[in-house]
Structure formats: C-alpha cells, structure tokens
Amino acid sequence: MNLLKVTLIMLAFFSCQSHQLDKEKVKEEVAQMFDEYHAAIKKEGLKGEFYFLDSSSDFFWVPPGSATAMNYDSVRRILETNALLYQAGRCLRFSLLPMK
C-alpha cells in the first residue's frame, strides 16, 4: 500500500512538472490568434468573427454592463444584423498593446 502511495505521489509530481507554461510561446500564440482575427474582420467585416466563436451549447457571452448572458444564436443574429452596417476593412481599426 505504501508503494502505491509513493508511486501516485511521484506520478503527480512529474506530471505537474511536465506541464509548465512556456510564457513566450503563449504570447506568440495569442498574438497569432489576434492577427488572424483582425485579418478575418478586415476581409469579411463582422462576419469574420464566426471563425472564432464556439457554436456549441456551451457558448455564452455577457455583454459589458449586462447581467444576463447571450447564447450563440443571439450573438450570431446581432453580428449578421450589424454586419450590414460595416463594410469589411473600412470602418474597423485595431491596435494591440504590448503583452506583458
């Protein structure tokens, strides 16, 4: 029984060590995702956001200042309706602050 406990502790210790984050890699991946997001918006306007939204039932978004969440279908309707107001690449501008 003690051998089993020691083995489990060692497995937990080594598995935790192997999952340490590479902060520079995370920064690069986040920057790449934002670059891809901005390129999609520039090319397709607000409809470019669909590539980055999760259409599963787990998706929700709480708009700033709201107390209730919106599901994917509600967000989709808003984007589709407002996409007509913005021409791709003309009205939306992005800039990123340096990541720390």
S74 (side chain) donor-acceptor with M70 (main chain) under 3.5 angstrom: no
Value rounded to 0.5 Å, distance of OH in Y51 from CD in E44: 3.5 Å
Closest heavy-atom pair and its distance - V75, L53: CG1-CD1, 4.0 Å
Distance in Å, K27 NZ paired with D22 CG, rounded so as to fall on 0.5 Å steps: 10.5 Å
From L46 atom CG to T81 atom OG1, the distance as rounded to the nearest 0.5 Å: 10.5 Å
Any side-chain heavy-atom pair of K42 and Y37 under 4.5 Å: no
Side chain to side chain contact (heavy atoms under 4.5 Å, CB included) evaluation trace for F60 with N71: CA-CA 5 Å; F60 69 93; N71 65 16; 6.0 Å; no
Heavy-atom check, side chain of T68 versus side chain of V62, under 4.5 Å: no
Verdict with reasoning, E36 to Q32, per side chain to side chain donor-acceptor pair (under 3.5 Å): CA-CA 6 Å; E36 292 171 2; Q32 179 182 352; 2.9 Å; yes
F34 side chain near F52 side chain, heavy-atom distance below 4.5 Å: no
Straight-line distance of N82 CG to E49 CD, nearest 0.5 Å: 10.5 Å
Heavy-atom pair with the smallest gap, counting every atom of F59 and D54: CB-O, 2.9 Å
Residues which pass salt bridge (Lys or Arg N to Asp or Glu O under 4.0 Å) with D73, listed by chain and number, not counting sequence neighbours: R76
From S56 atom OG to Y72 atom OH, the distance as rounded to the nearest 0.5 Å: 10.5 Å
